[in-house]
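Note that these values count all heavy atoms, side chains included, but never hydrogens, waters or copies made by symmetry.
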Amino acid sequence: MVAGSAAPIGTHCVGGDFARPSVARVYDYSLGGKDCYEVDRRAFERIRRIAPQQGDVHVMNRRWLARAVRMSAERYGIGQFLDLGAGLPTRDPLHVVAQECGRREVRVVYVDNDPLCVAYGRAMLERNENTWCLQSDLTDVATTLETAGRYLDLREPVGVLFGAVLHHISDEQCPAAVVSRYIDLLPAGSYVAISHYCDPGPAHPALHALARRLEGAHLEAGLGSGRFRSPEEIRGLFGSLELVDPGLTQLDDWWPPGPPTGARAPEAQLMLGGLGRKPRPGIVRVLPTRR
(Lines give C-alpha, C1' and ligand atoms only; values in the text may rest on other atoms or scores of the structure.)
Protein backbone atom coordinates (compact mmCIF):
# COMPACT_ATOMS: atom_id res chain seq x y z
CA MET A 1 0.00 0.00 0.00
CA VAL A 2 3.04 2.26 0.07
CA ALA A 3 3.53 4.23 -3.13
CA GLY A 4 5.86 6.95 -4.27
CA SER A 5 8.98 8.29 -2.63
CA ALA A 6 10.92 11.48 -2.36
CA ALA A 7 14.06 12.52 -0.58
CA PRO A 8 13.31 14.55 2.55
CA ILE A 9 13.12 18.23 1.62
CA GLY A 10 11.44 20.05 4.45
CA THR A 11 10.63 18.59 7.83
CA HIS A 12 13.29 17.01 10.05
CA CYS A 13 13.48 13.35 8.99
CA VAL A 14 15.84 10.82 10.56
CA GLY A 15 14.28 7.64 9.19
CA GLY A 16 16.00 4.60 10.67
CA ASP A 17 18.70 6.61 12.47
CA PHE A 18 17.98 5.74 16.09
CA ALA A 19 20.87 7.79 17.43
CA ARG A 20 18.94 11.03 16.86
CA PRO A 21 15.46 11.98 18.07
CA SER A 22 12.69 11.93 15.50
CA VAL A 23 9.84 14.44 15.49
CA ALA A 24 7.37 11.64 14.71
CA ARG A 25 8.67 9.34 17.45
CA VAL A 26 8.82 12.14 20.03
CA TYR A 27 5.23 13.07 19.19
CA ASP A 28 4.21 9.42 19.52
CA TYR A 29 5.88 9.21 22.95
CA SER A 30 4.12 12.38 24.07
CA LEU A 31 0.78 10.74 23.24
CA GLY A 32 1.60 7.65 25.29
CA GLY A 33 2.74 5.54 22.32
CA LYS A 34 5.46 2.90 22.33
CA ASP A 35 7.03 3.44 18.89
CA CYS A 36 9.95 5.43 20.28
CA TYR A 37 13.44 5.05 21.70
CA GLU A 38 15.41 6.39 24.64
CA VAL A 39 16.78 9.26 22.55
CA ASP A 40 13.18 10.33 21.76
CA ARG A 41 12.08 10.07 25.38
CA ARG A 42 15.02 12.17 26.53
CA ALA A 43 14.24 14.82 23.92
CA PHE A 44 10.62 15.15 25.01
CA GLU A 45 11.44 15.12 28.71
CA ARG A 46 13.75 18.07 28.04
CA ILE A 47 10.78 19.94 26.56
CA ARG A 48 8.49 18.83 29.38
CA ARG A 49 10.81 20.34 31.99
CA ILE A 50 9.81 23.71 30.54
CA ALA A 51 6.17 22.85 29.74
CA PRO A 52 4.99 20.01 32.04
CA GLN A 53 1.68 19.63 30.18
CA GLN A 54 3.07 19.62 26.65
CA GLY A 55 1.91 16.03 26.24
CA ASP A 56 -1.63 17.20 26.98
CA VAL A 57 -1.20 19.85 24.28
CA HIS A 58 -0.44 17.13 21.74
CA VAL A 59 -3.50 15.17 22.89
CA MET A 60 -5.51 18.39 22.51
CA ASN A 61 -4.19 18.71 18.96
CA ARG A 62 -5.35 15.18 18.10
CA ARG A 63 -8.81 15.95 19.46
CA TRP A 64 -8.87 19.14 17.41
CA LEU A 65 -7.89 17.32 14.21
CA ALA A 66 -10.66 14.78 14.81
CA ARG A 67 -13.20 17.60 15.16
CA ALA A 68 -11.92 19.29 11.99
CA VAL A 69 -12.31 16.02 10.09
CA ARG A 70 -15.79 15.46 11.48
CA MET A 71 -16.89 18.96 10.58
CA SER A 72 -15.48 18.64 7.06
CA ALA A 73 -17.12 15.25 6.49
CA GLU A 74 -20.47 15.76 8.23
CA ARG A 75 -21.22 19.42 7.69
CA TYR A 76 -19.50 20.05 4.36
CA GLY A 77 -19.73 16.62 2.73
CA ILE A 78 -16.00 16.08 2.17
CA GLY A 79 -15.45 12.47 1.12
CA GLN A 80 -11.67 12.36 0.79
CA PHE A 81 -8.81 13.56 2.97
CA LEU A 82 -5.09 14.15 2.56
CA ASP A 83 -3.14 14.15 5.85
CA LEU A 84 0.26 15.80 5.28
CA GLY A 85 3.10 15.10 7.69
CA ALA A 86 0.96 12.38 9.26
CA GLY A 87 3.73 10.85 11.41
CA LEU A 88 3.35 7.49 13.14
CA PRO A 89 -0.05 5.80 13.54
CA THR A 90 -1.42 7.07 16.82
CA ARG A 91 -4.50 7.56 18.96
CA ASP A 92 -7.80 8.47 17.29
CA PRO A 93 -6.73 7.57 13.71
CA LEU A 94 -8.23 10.15 11.40
CA HIS A 95 -9.37 7.64 8.81
CA VAL A 96 -11.49 5.99 11.51
CA VAL A 97 -12.95 9.37 12.47
CA ALA A 98 -13.76 10.14 8.83
CA GLN A 99 -15.19 6.72 8.04
CA GLU A 100 -17.33 6.67 11.18
CA CYS A 101 -19.20 9.75 9.99
CA GLY A 102 -21.68 7.39 8.33
CA ARG A 103 -19.77 7.30 5.02
CA ARG A 104 -17.62 4.18 4.93
CA GLU A 105 -16.44 5.03 1.41
CA VAL A 106 -14.48 8.07 2.64
CA ARG A 107 -10.94 7.84 1.28
CA VAL A 108 -7.91 8.93 3.30
CA VAL A 109 -4.30 9.29 2.18
CA TYR A 110 -1.59 9.72 4.82
CA VAL A 111 1.69 11.29 3.67
CA ASP A 112 5.01 11.45 5.47
CA ASN A 113 8.61 11.84 4.37
CA ASP A 114 9.90 9.40 7.00
CA PRO A 115 10.11 5.80 5.68
CA LEU A 116 9.69 4.44 9.21
CA CYS A 117 6.33 6.22 9.56
CA VAL A 118 5.26 4.89 6.19
CA ALA A 119 6.20 1.30 7.13
CA TYR A 120 4.21 1.49 10.37
CA GLY A 121 1.31 3.10 8.53
CA ARG A 122 1.30 0.36 5.91
CA ALA A 123 1.05 -2.28 8.62
CA MET A 124 -1.83 -0.48 10.33
CA LEU A 125 -3.79 0.12 7.14
CA GLU A 126 -3.26 -3.25 5.50
CA ARG A 127 -6.92 -4.25 5.71
CA ASN A 128 -8.51 -0.87 5.04
CA GLU A 129 -9.24 -0.66 1.33
CA ASN A 130 -10.04 3.07 1.39
CA THR A 131 -6.91 4.27 3.20
CA TRP A 132 -3.31 4.52 2.01
CA CYS A 133 0.04 5.63 3.41
CA LEU A 134 2.49 7.25 0.98
CA GLN A 135 6.06 8.46 1.25
CA SER A 136 6.59 11.98 -0.05
CA ASP A 137 7.78 15.33 1.27
CA LEU A 138 4.91 17.75 1.74
CA THR A 139 7.06 20.68 0.59
CA ASP A 140 7.35 19.00 -2.83
CA VAL A 141 3.78 19.90 -3.65
CA ALA A 142 3.62 18.69 -7.25
CA THR A 143 5.07 15.26 -6.45
CA THR A 144 2.90 14.83 -3.37
CA LEU A 145 -0.32 15.65 -5.22
CA GLU A 146 0.66 13.54 -8.21
CA THR A 147 1.23 10.56 -5.91
CA ALA A 148 -1.92 11.16 -3.84
CA GLY A 149 -3.90 11.59 -7.07
CA ARG A 150 -3.53 7.87 -7.73
CA TYR A 151 -5.91 7.28 -4.83
CA LEU A 152 -7.93 10.50 -4.52
CA ASP A 153 -10.01 12.22 -7.19
CA LEU A 154 -8.37 15.63 -7.23
CA ARG A 155 -11.11 16.98 -9.47
CA GLU A 156 -13.42 16.81 -6.43
CA PRO A 157 -13.09 18.70 -3.11
CA VAL A 158 -10.49 17.39 -0.69
CA GLY A 159 -9.94 17.93 3.02
CA VAL A 160 -6.23 18.70 3.50
CA LEU A 161 -4.76 18.42 7.00
CA PHE A 162 -1.65 20.24 8.21
CA GLY A 163 -1.84 19.09 11.82
CA ALA A 164 1.07 20.35 13.95
CA VAL A 165 3.47 20.11 11.01
CA LEU A 166 3.98 23.58 9.50
CA HIS A 167 5.86 24.79 12.59
CA HIS A 168 8.51 22.23 11.60
CA ILE A 169 9.09 24.04 8.30
CA SER A 170 11.61 26.86 8.48
CA ASP A 171 11.00 30.46 7.48
CA GLU A 172 13.53 29.96 4.67
CA GLN A 173 11.31 27.26 3.21
CA CYS A 174 8.31 29.62 3.47
CA PRO A 175 5.45 27.46 4.74
CA ALA A 176 2.92 30.05 3.53
CA ALA A 177 4.15 29.52 -0.03
CA VAL A 178 3.87 25.75 0.41
CA VAL A 179 0.26 25.99 1.57
CA SER A 180 -0.52 28.51 -1.18
CA ARG A 181 0.70 26.04 -3.80
CA TYR A 182 -1.66 23.37 -2.45
CA ILE A 183 -4.52 25.88 -2.43
CA ASP A 184 -3.84 26.78 -6.05
CA LEU A 185 -3.91 23.14 -7.15
CA LEU A 186 -6.89 21.99 -5.07
CA PRO A 187 -10.38 22.12 -6.57
CA ALA A 188 -12.82 24.74 -5.35
CA GLY A 189 -14.86 23.55 -2.40
CA SER A 190 -11.84 21.98 -0.69
CA TYR A 191 -11.04 22.56 2.99
CA VAL A 192 -7.65 23.04 4.65
CA ALA A 193 -7.11 22.48 8.40
CA ILE A 194 -4.02 23.95 10.08
CA SER A 195 -2.82 23.76 13.67
CA HIS A 196 0.40 25.52 14.63
CA TYR A 197 2.51 26.54 17.65
CA CYS A 198 1.87 30.20 18.49
CA ASP A 199 3.81 33.03 20.13
CA PRO A 200 1.24 35.68 21.16
CA GLY A 201 3.99 38.32 21.35
CA PRO A 202 5.27 40.83 23.94
CA ALA A 203 1.75 42.00 24.75
CA HIS A 204 1.47 38.72 26.68
CA PRO A 205 4.88 38.66 28.40
CA ALA A 206 4.60 35.36 30.30
CA LEU A 207 3.29 33.41 27.31
CA HIS A 208 5.76 35.14 24.99
CA ALA A 209 8.67 34.13 27.22
CA LEU A 210 7.40 30.53 27.41
CA ALA A 211 7.04 30.35 23.62
CA ARG A 212 10.61 31.55 23.15
CA ARG A 213 11.92 29.03 25.67
CA LEU A 214 9.97 26.19 24.05
CA GLU A 215 11.24 27.08 20.59
CA GLY A 216 14.79 26.98 21.92
CA ALA A 217 14.12 23.69 23.69
CA HIS A 218 12.99 22.05 20.44
CA LEU A 219 16.32 23.00 18.87
CA GLU A 220 18.41 22.05 21.89
CA ALA A 221 16.65 18.67 22.16
CA GLY A 222 17.92 17.82 18.68
CA LEU A 223 14.56 18.01 16.90
CA GLY A 224 15.87 20.68 14.55
CA SER A 225 12.60 22.62 14.40
CA GLY A 226 9.55 23.80 16.30
CA ARG A 227 8.80 27.39 15.28
CA PHE A 228 6.39 29.44 17.41
CA ARG A 229 4.90 31.99 14.98
CA SER A 230 2.68 34.99 15.66
CA PRO A 231 -1.12 34.79 15.23
CA GLU A 232 -0.76 37.06 12.19
CA GLU A 233 1.79 34.73 10.61
CA ILE A 234 -0.42 31.71 11.26
CA ARG A 235 -3.45 33.49 9.79
CA GLY A 236 -1.31 34.24 6.74
CA LEU A 237 -0.82 30.51 6.15
CA PHE A 238 -4.47 30.29 5.07
CA GLY A 239 -3.83 32.73 2.22
CA SER A 240 -6.92 33.17 0.06
CA LEU A 241 -9.01 30.65 1.99
CA GLU A 242 -12.18 31.73 3.81
CA LEU A 243 -11.95 30.79 7.50
CA VAL A 244 -15.06 29.01 8.71
CA ASP A 245 -16.51 29.83 12.13
CA PRO A 246 -15.14 30.22 14.73
CA GLY A 247 -12.03 31.29 12.80
CA LEU A 248 -8.47 30.91 14.06
CA THR A 249 -8.60 30.13 17.79
CA GLN A 250 -6.92 28.24 20.58
CA LEU A 251 -7.66 24.59 19.89
CA ASP A 252 -10.15 23.95 22.67
CA ASP A 253 -12.09 27.08 21.69
CA TRP A 254 -12.65 25.73 18.16
CA TRP A 255 -15.94 23.82 17.95
CA PRO A 256 -15.32 22.84 21.59
CA PRO A 257 -16.12 19.31 22.77
CA GLY A 258 -17.69 20.65 25.95
CA PRO A 259 -17.29 23.20 28.75
CA PRO A 260 -13.78 23.70 30.17
CA THR A 261 -13.01 21.44 33.12
CA GLY A 262 -10.38 23.70 34.67
CA ALA A 263 -7.86 26.46 34.10
CA ARG A 264 -6.02 26.18 30.78
CA ALA A 265 -2.28 25.50 31.13
CA PRO A 266 0.04 28.17 29.67
CA GLU A 267 1.42 25.74 27.07
CA ALA A 268 -2.14 24.94 25.94
CA GLN A 269 -2.54 28.62 25.05
CA LEU A 270 0.40 28.45 22.62
CA MET A 271 -1.30 26.59 19.80
CA LEU A 272 -3.90 27.82 17.32
CA GLY A 273 -6.06 26.03 14.78
CA GLY A 274 -8.46 26.88 12.00
CA LEU A 275 -10.29 25.46 9.01
CA GLY A 276 -10.30 27.31 5.69
CA ARG A 277 -12.50 26.84 2.63
CA LYS A 278 -11.54 27.40 -0.99
CA PRO A 279 -14.52 29.31 -2.40
CA ARG A 280 -16.50 27.92 -5.30
CA PRO A 281 -19.43 29.26 -7.30
CA GLY A 282 -22.87 28.50 -5.98
CA ILE A 283 -23.96 27.35 -2.54
CA VAL A 284 -21.93 24.86 -0.52
CA ARG A 285 -24.17 21.96 0.41
CA VAL A 286 -24.40 21.79 4.20
CA LEU A 287 -25.14 18.42 5.80
CA PRO A 288 -26.68 17.99 9.25
CA THR A 289 -24.03 17.86 11.96
CA ARG A 290 -23.92 15.12 14.58
CA ARG A 291 -22.31 16.41 17.76
Polar side-chain atom of [X] near backbone of [Y] as donor-acceptor pair, under 3.5 Å:
X      : Y      : value
Thr144 : Asp137 : yes
Arg25  : Val39  : no
Gln269 : Arg264 : yes
Ser190 : Val158 : yes
Lys278 : Ile183 : yes
Gln80  : Asp153 : yes
Tyr182 : Leu138 : yes
Tyr110 : Leu94  : yes
Gln99  : Val106 : yes
Ser180 : Ala176 : no

A side-chain contact here means heavy atoms from C-beta on lying under 4.5 Å apart; do [X] and [Y] qualify?
X      : Y      : value
Val111 : Thr147 : no
Gln250 : Leu272 : yes
Arg150 : Trp132 : no
Leu134 : Val118 : no

Working to the nearest 0.5 Å, report the span between [atom1] of [X] and [atom2] of [Y].
X      : Y      : atom1 : atom2 : answer
Leu270 : Gln54  : CG    : CD    : 8.0 Å
Leu88  : Ser22  : CG    : OG    : 6.5 Å
Met271 : Ile234 : CE    : CD1   : 9.0 Å
Leu125 : Cys133 : CG    : SG    : 6.0 Å
Arg122 : Met124 : CZ    : CE    : 13.0 Å
Arg227 : Gln173 : CZ    : CD    : 12.5 Å

Nearest non-hydrogen partners of [X] and [Y], listed with the distance:
X      : Y      : value
Cys36  : Tyr29  : SG-CB, 3.7 Å
Leu241 : Arg235 : O-NH2, 3.9 Å
Gly273 : Trp254 : O-CD1, 3.9 Å
Met71  : Leu275 : SD-CD2, 4.0 Å
Trp255 : Arg67  : O-NE, 2.9 Å
Pro200 : Cys198 : CD-O, 3.7 Å

Report, as yes or no, whether the 6.0 Å neighbourhood of atom CZ on Arg212 holds more than 12 heavy atoms from other residues, nucleotides or ligands. yes
Arg181 CZ: over 12 foreign heavy atoms closer than 6.0 Å: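 No - once you tally the heavy atoms of other residues, nucleotides and ligands closer than 6.0 Å, there are 12 at most.
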Quick one: do [X] and [Y] make a salt bridge, cutoff under 4.0 Å?
X      : Y      : result
Glu38  : Arg41  : yes
Arg229 : Asp171 : yes
Arg48  : Glu45  : yes

Joint cluster assignment, Phe228 & Leu219, ILVMFWY side-chain distance < 4.5 Å: no
Start with the C-alpha gap between Arg107 and Tyr151, add the side-chain angles, then the distance that decides, and say whether side-chain contact (heavy atoms from CB on, under 4.5 Å) holds. CA-CA 8 Å; Arg107 287 168 288 168; Tyr151 307 93; over 6 Å; no
Asp83 vs Leu65, test: side-chain contact (heavy atoms from CB on, under 4.5 Å). Steps then yes/no. CA-CA 10 Å; Asp83 186 1; Leu65 277 170; 5.8 Å; no
Is the distance from the ring center of Phe162 to that of His196 below 6.0 Å?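 No - the distance between ring centres of Phe162 and His196 does not fall below the 6.0 Å cut-off.
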Sort and list the pairs that fulfil ring-ring contact (aromatic ring centres under 6.0 Å, His included) and have at least one residue in residues 198-218, not counting sequence neighbours. Tyr197-His218
Exercise: do Asp112 and Tyr120 side chains pair donor with acceptor under 3.5 Å: no
